[in-house]
Amino acid sequence: MQKTVSIKDLIRKDNNKNKLKMGVEKTVPFLLFALASISILTTVGIVSTLLYETFLFFRDVSIIEFFTNTEMKPLSRVEPSFSILPLLSGTVLISLVAMLVAIPIGLTTAIYLSEYASVNVRKAVKPVIEVLAGIPTIVYGFFAFTFVTPLLREFIPALQATNALSPGIVMGIMIIPLVASLSEDAMNSVPKAMREGALALGATKLEVTMRVVIPAAISGIIASFVLGISRAIGETMIVTIASGSSKNLTFDITQSMQTMTAYIVEVTSGDAGAGTTAYYSLYAVAFALFFFTLIMNMFAGYISRKYREAY
Amino acid sequence: MSSLSMSTEVPVKKETKDHVNKSVVYDTKNLNLWYGDNHALKNINLPMHENEVTAIIGPSGCGKSTYIKTLNRMVELVQDVSISGEILYRDKNIFDKNYRVEELRTRVGMVFQKPNPFPKSIFDNIAYGPRIHGIKDKKILKEIVEKSLRGAAIWDEVKDRLQENAYGLSGGQQQRLCIARCLAIEPDVLLMDEPTSALDPKSTLKVEELIKELKENYSIIIVTHNMQQAARISDKTAFFLNGEVIEYDDTDIIFSTPSDKRTEDYITGRFG
Amino acid sequence: MKELALNSNEKTTQKQYMNLAKVNRRMTARLLINNVVKYLFFASTMFGLVILAFLMYQIFSDGLGWLSMDFLTNRLSTLPERAGIIGAITGTVWLMFIVGPVTMVLGIGTAIYLEEYAKKGKFHSFIQTNITNLAGVPSIVFGLLGLTIFVRMFGFGPSIIAGGLTMALLVLPIVVVASQEAIRAVPSYLREASYGMGATKWQTIKNIVLPASIAGILTGVILALSRAIGETAPLVAIGIPALIVPIPSSITDNFTVLPMQIYYWTIDSVLVDEYASMAAATIIVLLAVLFLMNSVAIIIRNKFQKRY
């Protein structure tokens, strides 16, 4: 009643093409391996260019001077001098302001969402916070420069047009979603049974949160802080726009100051020609930046891995 | 009935040397298997015959699932497996270096514990096998799909919805679809790893009936934890315990007069 | 011990440690604190929402007036009333034409290699750690890599190809990680079924694993692209000029993109007042593009979502 289809014959015919099939089978892993090694090449590229050009820089400038000098005048024709300290102070200060905003607000947001909020509130709030995380940093820079700084100057007349305070605050706002979502993840992974144990003893939600949940999730929470700091150190556009380019070794947040990242922008978009000491200094600063952020990211990874093993 | 509509390309019975016994499809010789240090299969020797249903029974953890997965070398997907001994399929050692595992799996179909259709349409599920083996002609594919679905006794239920996602089917239908998917590449042997364990009694019955029909054309090796099932559908039964074959004989004998005390204990429900 | 004391009704000689009256009095205070703090936490959560609202209001009230067909289609000009962003829009589109395919090929390839081929061992975890660390490298450092390798060593100059490749490497970890997760989520029984039919490894990946994970992969690609669209720092570092450049017509042309336009108009807003509004208008365009892309990602996720 049916026409006979000899599938076996058809398959056998296909098997004659098996050489091609097996050839593909053997080639694909090598191709994919080659693609996967691009990511390693990228790292090698970053590390080797930074190392090489930094090496060239330290032929011109003594490494001790670079870390002890307090004057940073890379483009001065009369007496150029190089020091990372003013850039470090700018970076640390602005990051500090940012974390003073991001840590309290980020952590309490995480606590609210993980411990208090109803399912509906959570469903409504989380996407908004994700939107906050998706806004390009250039928009935050614009916000800091054209809105936050003028607003702050109403209250603090001494505030300069470019300063550390405004970009610090805005950067903190930018980092809130990062701290909030990572801390919330850490708190969510605390077993329900631990909360129930405390609640059954008559503890309030706040007490459960403070004495049970946070201690149990502490390494994840700290990891989120560390990642936040790393993010602050590496952030470029907000500070380039709103914190100015004065290379002052100062801790006055009303002053204009420059971070490591903003320095890189200034030199690359400026007149320092390739081969000049100012040009090489760029790589020395970038190397320091790369090094600090790498250490922090690895540290954060290490502590959050550790807490995952705990349960 | 549905088996009648299968093509004439069913395995042609070989001229057997031994006229009493059917020819051996699978012959396992001194098979040992380790997961790391865990000795999971110990010195297995089992000959399995054409056009018979061979049931493998035993308590969980006895190695029956491992064994059936070794027959098409799926067990090697688990890391850290080492194997010694040989399994002859149609007189060729499947562990031979030059033996192509894909070819083995084309000749030996497998039905899994949980129905595992692909997230594709019913048609594409059945056509998957033929397609990967280079059959592209739409007309032929259509014929294969119909024939396989008929062979798995599910054609009437799905013929009007071939383009719908296979996940819309019930569990029992999904499992028969998976059997049809195997039939589409016209295998020689069907391996079934507890094919009804995830199904309700009614679907189980349907699958069992199907297995009895398929036996006419295929050699079937089935792992089951359900002894009644083994008794109902199989010709031969092997009893596994702690990675060893305790007893292997005609199903009637195993279930009436087992020669080993442990087999008797298991069958009468004293452990397991 | 405490339990015992609480439950004993009889006046015994046993010392009672819990004074119920005291406990209850303290309880009122504890519950009050709990409630107050709850609202504090809530207020803090709302802070993010309020800021977002402020930000949007500020940008829209500032920029909406400047948005017009002319603004979208005019070329760049120093005269505010004649300036438009067609150059930046074209540049952004060109950039995506490089970043999209390059990250897709590299990212999906890497993910398949890691999930399906590489043996779980030292080398596997080495690549994995490397990708995690790359994701944390500041974008400006990627800019320096692009400047050194693509702009200078390969001699591409500050062109679309140099910017695109730099950006592709920057967002590569996003695609890799998202693809890995999507591939990992494909249940192993689907792979087994395919192998059981005699399919080879690559046939299984091509016909089963990739189709089943495509939604997750595409979501990752779109996320990566939206990151690339908004990213500014690496392009500043590779030296995208602030000058008026002709509209690019090939990958070796110089170019500018929306965020760069925003950057230059923002810093120059101290010179020309209108520039701030023009930057705001450009931000609206940028945010609209990002909003559109994220909507597409959500649609893809919902449409392709498979039941396993």
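Chain identifiers are assigned alphabetically (A, B, ...) following the order of the sequence lines, protein sequences preceding nucleic acid strands; residue numbering begins at 1 within each chain. Just so it is clear, the values below take in all heavy atoms, side chains as well, and ignore hydrogens, waters and symmetry mates. On a predicted model such as this, the values are computed, not experimentally measured, just so you know.
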**Request:** Compare all side-chain heavy atoms of C:Leu134 with those of A:Thr42 and state whether any distance is below 4.5 angstrom.
**Result:** yes
**Close side-chain approach of C:Met56 to A:Ile135, heavy-atom, < 4.5 Å** =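 Answer yes - side chains close enough.
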Chain A heavy atoms under 4.5 Å from [X]: which part of the residue, side chain, backbone, both or neither?
X: C:Ser226; answer: neither
X: C:Met46; answer: side chain
X: C:Leu286; answer: side chain
X: C:Met293; answer: neither
X: C:Phe291; answer: neither
X: C:Phe123; answer: side chain
X: C:Leu287; answer: side chain
X: C:Val141; answer: side chain
X: C:Phe47; answer: side chain
X: C:Val105; answer: both

Separation between [atom1] of [X] and [atom2] of [Y], rounded to the nearest 0.5 Å:
X: A:Thr204; Y: C:Asn35; atom1: OG1; atom2: CG; value: 9.5 Å
X: C:Tyr113; Y: A:Leu35; atom1: OH; atom2: CG; value: 11.0 Å
X: A:Ile241; Y: C:Ile267; atom1: CD1; atom2: CD1; value: 7.0 Å
X: C:Leu169; Y: A:Ser39; atom1: CG; atom2: OG; value: 9.5 Å
X: C:Leu55; Y: A:Phe147; atom1: CG; atom2: CZ; value: 9.0 Å
X: A:Ile138; Y: C:Ile262; atom1: CD1; atom2: CD1; value: 6.0 Å

**Trace of the side chain to side chain contact (heavy atoms under 4.5 Å, CB included) decision for C:Ile140 with A:Met260** = CA-CA 10 Å; C:Ile140 186 82; A:Met260 296 192 281; over 6 Å; no
Looking at [X] and [Y], what are the two nearest heavy atoms and their distance?
X: C:Ala276; Y: A:Thr146; value: CB-CG2, 4.5 Å
X: C:Thr148; Y: A:Glu53; value: CG2-OE2, 4.0 Å
X: A:Thr108; Y: C:Thr45; value: O-OG1, 4.3 Å
X: A:Pro136; Y: C:Gly230; value: CB-O, 3.5 Å
X: C:Thr266; Y: A:Phe142; value: OG1-CD1, 3.5 Å
X: C:Ala233; Y: A:Thr236; value: CB-CB, 3.7 Å

**Asked** Do C:Asn34 side-chain atoms and A:Leu206 backbone N/O form a donor-acceptor pair below 3.5 Å?
**Response** yes
Quick check on the interface: out of [options], who has the most heavy-atom pairs with chain C under 4.5 Å?
options: A:Ile176, A:Thr137, A:Val265; value: A:Val265
options: A:Ile111, A:Thr261, A:Ile105, A:Ile129; value: A:Ile105
options: A:Pro104, A:Ala242, A:Ala34, A:Ala36; value: A:Ala36

**Interface residue of largest heavy-atom contact number with chain A, from C:Gly136, C:Ala118, C:Ala111, C:Pro138, under 4.5 Å** =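 Of the candidates given, the most pairs with chain A belong to C:Pro138.
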**Item:** Residue A:Glu207 versus chain C: region with a heavy atom under 4.5 Å
**Value:**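 Side chain of A:Glu207 only, per the 4.5 Å heavy-atom cut-off to chain C.
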**side chain to side chain contact (heavy atoms under 4.5 Å, CB included) between C:Phe42 and A:Val125, worked out** = CA-CA 11 Å; C:Phe42 178 71; A:Val125 173; over 6 Å; no
**Message:** With side chain to side chain contact (heavy atoms under 4.5 Å, CB included) as the criterion, how do A:Thr293 and C:Val137 come out once you've worked through the C-alpha distance, each side chain's angles and the decisive distance to 0.1 Å?
**Reply:** CA-CA 7 Å; A:Thr293 51; C:Val137 171; 5.9 Å; no
**Prompt:** Only one of A:Thr268, A:Ile46, A:Leu289, A:Val285 forms a side-chain contact (heavy atoms from CB on, under 4.5 Å) with C:Leu144, so which one is it?
**Reply:** A:Thr268
**Item:** Salt bridge present between C:Lys201 and A:Glu25 (N-O < 4.0 angstrom)
**Value:** no
